[in-house]
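Remarks on the structure that follows.
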Protein chains: 2
Amino acid sequence: MGPAKRIELSEEQIHLIAKALADPRRMELLRQIGRGTDPVGCSSIRDCQQVSAATLSHHMKELEIAGLVKVTREGKFASYTLRRDVLQAYMDQLAQI
Amino acid sequence: MGPAKRIELSEEQIHLIAKALADPRRMELLRQIGRGTDPVGCSSIRDCQQVSAATLSHHMKELEIAGLVKVTREGKFASYTLRRDVLQAYMDQLAQI
DNA sequence: ACATCAATTAGATGCTTATCGAAATGTCTA
DNA sequence: TAGACATTTCGATAAGCATCTAATTGATGT
């Protein structure tokens, strides 16, 4: 399989994605999550980035509502994976400018 | 000729570009400026978008310091062109995530 | 049930920014 | 030079947001 379908973004989602990418910390989070293909847990993230749990939670929620990451919950843990299809859709939008 | 050289962006410029793209009004400005290849004047812009001169000036400065538009001044007029090479460099950065 | 730990939410604080009207700057023309 | 016009800058206001600590929720293991 793979990125079967091309995604269409609403103006609203474009705005959410752009805002999500406009914070350096979130950019760094995305890079870390996108480094591999496996889901990345909160603790792994906090090992690499100096940030409080509350702030991390806030940023991950922003990334999630932007559609840029998928959250997987197992028990008390949360893991994140980059949604490359959504990122690609945003790049397609920029290319259309 | 054409877009001869591939542009490298600093982290700082990446941040400036991301912030510039995160405002819906600026996004719309970019789209309008990028529509054709000719420079676009302030009055053309204000014909299409309802915005005060002061606010427009502010946004165009943000786009300029982000490197996304080139400003051409002739007498009392200012015109803008989209810097596609910079936009492309930003897209390349996103693709590297 | 209780203690512990991961993650989220609540509440507060300080910084950034979008917006406008008014004033200033710069340019053109009569 | 004086007036008209385009753009920018100034000053103020309001909204948004990043960040933290503290409190809460929810799951796990003893």
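The analysis underlying the following values was restricted to heavy atoms, covering all of them including side chains, and did not include hydrogens, waters or symmetry mates. All chains are named by letter (A, B, ...) in the order of the sequence lines, taking the proteins before the strands, and each is independently numbered beginning at 1.
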task = Using atom types as modelled and distance alone, determine if a side-chain donor or acceptor of B/His15 lies under 3.5 Å from a backbone N or O of A/Asp23.
result = no

message = Reading DNA chain D from 5' to 3', where do the contacts with chain B start and stop? Cut-off is 4.0 Å to heavy atoms.
response =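 Footprint of chain B along DNA chain D, 5' to 3': D/dC5 to D/dT9.
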
Shorter than 3.5 Å, N or O on both sides, protein versus nucleotides 7-10 of chain C: list them out with atom names.
{"from": "C/dA7", "atom 1": "OP1", "to": "A/Ala78", "atom 2": "N", "distance (Å)": "3.0"}
{"from": "C/dT8", "atom 1": "OP1", "to": "A/Arg73", "atom 2": "NH1", "distance (Å)": "2.9"}
{"from": "C/dT8", "atom 1": "OP2", "to": "A/Ser57", "atom 2": "OG", "distance (Å)": "2.9"}
{"from": "C/dT8", "atom 1": "O5'", "to": "A/Ser57", "atom 2": "OG", "distance (Å)": "3.3"}
{"from": "C/dT9", "atom 1": "OP2", "to": "A/Lys61", "atom 2": "NZ", "distance (Å)": "2.7"}

inquiry  = With rounding to the nearest 0.5 angstrom, report the CG to CD1 distance, A/Asp85 to A/Ile7.
reply    =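 A/Asp85 CG to A/Ile7 CD1: 3.5 Å, rounded to 0.5 Å.
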
key: Interatomic distance, A/Thr81 atom OG1 to A/Asp38 atom CG [nearest 0.5 angstrom]   =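 Interatomic distance, A/Thr81 OG1 to A/Asp38 CG, rounded to 0.5 Å: 10.0 Å.
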
request  = Mind listing the residues from residues 17-29 of chain B sitting with a heavy atom below 4.0 Å of DNA chain D? Number order is fine.
outcome  = none

Validation: residues 89-97 of chain A side-chain donor-acceptor distances under 3.5 Å, sequence neighbours left out:
{"from": "A/Asp92", "atom 1": "OD1", "to": "A/Gln88", "atom 2": "NE2", "distance (Å)": "2.9"}
{"from": "A/Asp92", "atom 1": "OD2", "to": "A/Arg6", "atom 2": "NE", "distance (Å)": "3.4"}

ask   = Taking the side chain as C-beta and beyond, is there a heavy-atom pair between A/Val40 and A/Leu29 under 4.5 Å?
value = no

key: Residues which pass salt bridge (charged side-chain N to carboxylate O under 4.0 Å, His left out) with A/Arg31, listed by chain and number, not counting sequence neighbours   = A/Glu28, B/Glu11

key: Partner residues of A/Arg46 under the salt bridge (charged side-chain N to carboxylate O under 4.0 Å, His left out) criterion, sequence neighbours left out   = none

query = If you look at every heavy atom in B/Cys48 and B/Gln32, which pair is closest and at what distance?
reply =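 That closest heavy-atom pairing would be SG-NE2, 3.4 Å.
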
Show me, pair by pair, the donor-acceptor contacts under 3.5 angstrom made by side chains of residues 49-70 of chain A, not counting sequence neighbours?
{"from": "A/Ser52", "atom 1": "OG", "to": "A/Thr55", "atom 2": "N", "distance (Å)": "3.1"}
{"from": "A/Ser52", "atom 1": "OG", "to": "A/Thr55", "atom 2": "OG1", "distance (Å)": "3.0"}
{"from": "A/His59", "atom 1": "ND1", "to": "A/Arg26", "atom 2": "NH1", "distance (Å)": "3.2"}

key: Contacts of type side chain to side chain contact (heavy atoms under 4.5 Å, CB included), residue A/Glu12, not counting sequence neighbours   =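 Only A/Ser10, A/Leu16 meet the side chain to side chain contact (heavy atoms under 4.5 Å, CB included) criterion with A/Glu12.
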
